[in-house]
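Below is one structure, written out as structure tokens; the observations come after it.
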Amino acid sequence: MRIQADHFDMIQIAESGQCFRWSRQEDGSWSIPFRDKCLIAEQKGDNLIFECTEEEFDSYWKKYFDMETDYGMMEKTGLSLKDPFLERALHFGSGIRILRQDFWETLISFLISQNNNIPRIRHSIEKLCDREIFPSPGEILMKDLTDCRLGYREKYLREASKWMIEYENGNQKSELSGIMGVGPKVEACVRLYGLHELNFCPMDTWMKKIVAEDYHEIMPDWMHSKYAGYYQQVCFYYKRMAQAGGKK
DNA sequence: CTGCAGGCCCTTA
DNA sequence: TAAGGGCCTGCA
């Protein structure tokens with residue numbers, strides 16, 4: 001099926017650092033796994049082509065791509081803050097969306113992401129998966145994780161798996177932050193990307209860099225706003241691309 | 001060789 | 001309660 005959409009750029013979404021398993025095919029299309037399905041998708045301008053039926057898109061992928069959220073409104077709200085850096089970032093990364101990813105996969109992915117780099121994060125996650133399917137907590141506990149090259153993070157994944165099994169059994173007394181290896185940054189990522197709590201703004205090295213270099217060490221107002229997570233994502237992408245393009 | 005990558009844990013003062 | 005060292009690993 002084929003649709004037209006604003007605020008939707010597959011390259012920007014794939015490179016915005018929120019997801020680690022989108023992969024580009026030789027023909028330029030994207031392979032997009034989510035839970036037990038995998039979608040082949042392609043973009044030409046604002047034309048989006050999805051290899052699935054309209055029913056399947058409406059009942060499954062539409063939510064994943066967060067098609068119900070009004071990005072135009074969030075952009076407008078951001079622009080009204082009259083913040084020059086945010087303004088540039090919103091224009092630069094206008095195709096970014098906050099995907100509604102699987103909570104469990106997000107938790108594990110961002111546990112792996114700490115003190116780590118993107119290629120290695122992707123490699124670890126790929127090794128963790130069995131034929132494109134992300135493992136359940138029980139499967140992670142059973143699995144030999146040597147090939148995943150997790151280093152000291154391996155015990156964090158096991159602790160998280162035990163926590164998740166308790167959580168699924170209805171025992172919700174423990175908080176996310178109670179999991180070994182989940183600090184403020186990882187928790188914010190899980191809440192933003194895995195629970196779609198758009199007010200959470202992960203403070204990573206890039207955000208600190210932005211606050212230092214672009215805001216003279218003074219936290220901008222938007223970091224405390226309702227859509228802080230979305231603005232963070234856009235600024236993160238803008239800053240990272242500016243540096244990647246700026247140095248050669 | 002050292003530094004570093006979207007941090008966090010643990011110890012110390 | 002704030003600061004700082006150590007940590008798996010791979011790549012530049």
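The structure presented is a predicted model; accordingly, all values stated were derived computationally and were not measured. Heavy atoms only: backbone and side chains are in, while hydrogens, waters and symmetry mates are out.
No hydrogens or angles considered: nothing links the side chains of A:Thr106 and A:Gln101 as a donor-acceptor pair under 3.5 Å.
Contact annotation for A:Ser16: base contact, defined as any heavy-atom pair under 4.0 Å involving a base atom. Using a 4.0 Å heavy-atom criterion, one finds that A:Gly17 contacts the bases of the nucleic acid, with or without backbone contacts as well. Counting non-hydrogen atoms under 4.0 angstrom, A:Pro119 reaches nothing in the nucleic acid.
Between A:Phe110 and A:Phe20, some side-chain heavy-atom pair lies under the 4.5 Å cut-off. By the 4.5 Å heavy-atom criterion applied to side chains, A:Asn199 and A:Glu197 are counted as neighbours.
A:Leu79 and A:Tyr238 fall within a single hydrophobic cluster, where Ile, Leu, Val, Met, Phe, Trp and Tyr side chains are chained together by heavy-atom contacts under 4.5 Å. Both A:Met180 and A:Trp104 belong to a single network of hydrophobic side chains, linked directly or stepwise wherever heavy atoms of I, L, V, M, F, W or Y lie under 4.5 Å apart.
For the P atom pair drawn from B:dG3 and C:dG5, the interatomic distance equals 13 Å after rounding to whole Å. Comparing B:dG6 with C:dG4, their P atoms sit 23 Å apart, to the nearest whole Å. Rounded to whole Å, the separation between the P atoms of C:dC7 and B:dT2 comes to 15 Å. B:dT11 and C:dC8 have their P atoms separated by 15 Å, given to the nearest Å.
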Where does DNA chain B pair, written as one dot-bracket string 5' to 3', with Watson-Crick or G-U pairs under 3.5 Å, ( ) inside the strand, [ ] for crossing pairs and | for another strand? .||||.|||||||
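For A:Met180, the listed nucleotide lying nearest its side chain is B:dC10; candidates were B:dG6, B:dC10, C:dT9. Closest contact between the side chain of A:Tyr152 and the listed nucleotides C:dC7, B:dC9, B:dG6 involves C:dC7. Closest to the A:Gln114 side chain, of the nucleotides B:dC10, C:dG10, B:dG7, is B:dG7.
A donor-acceptor contact under 3.5 Å is formed by the side chain of A:Arg120 with the base of C:dT9.
Residues from residues 190-205 of chain A that place a heavy atom under 4.0 Å from any atom of DNA chain B, listed by number: A:Tyr193, A:Pro202, A:Asp204, A:Thr205. The stretch residues 229-237 of chain A touches DNA chain B through A:Gln232, A:Phe236, each having a heavy atom under 4.0 angstrom from the strand.
Contact check on A:Lys143 versus A:Glu139 returns no salt bridge, with no Lys/Arg side-chain nitrogen under 4.0 Å from an Asp/Glu carboxylate oxygen.
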May I have the step-by-step check of ring-ring contact (aromatic ring centres under 6.0 Å, His included) for A:Phe8 and A:Tyr71, ending in yes or no? CA-CA 9 Å; A:Phe8 197 128; A:Tyr71 282 81; 9.3 Å; no
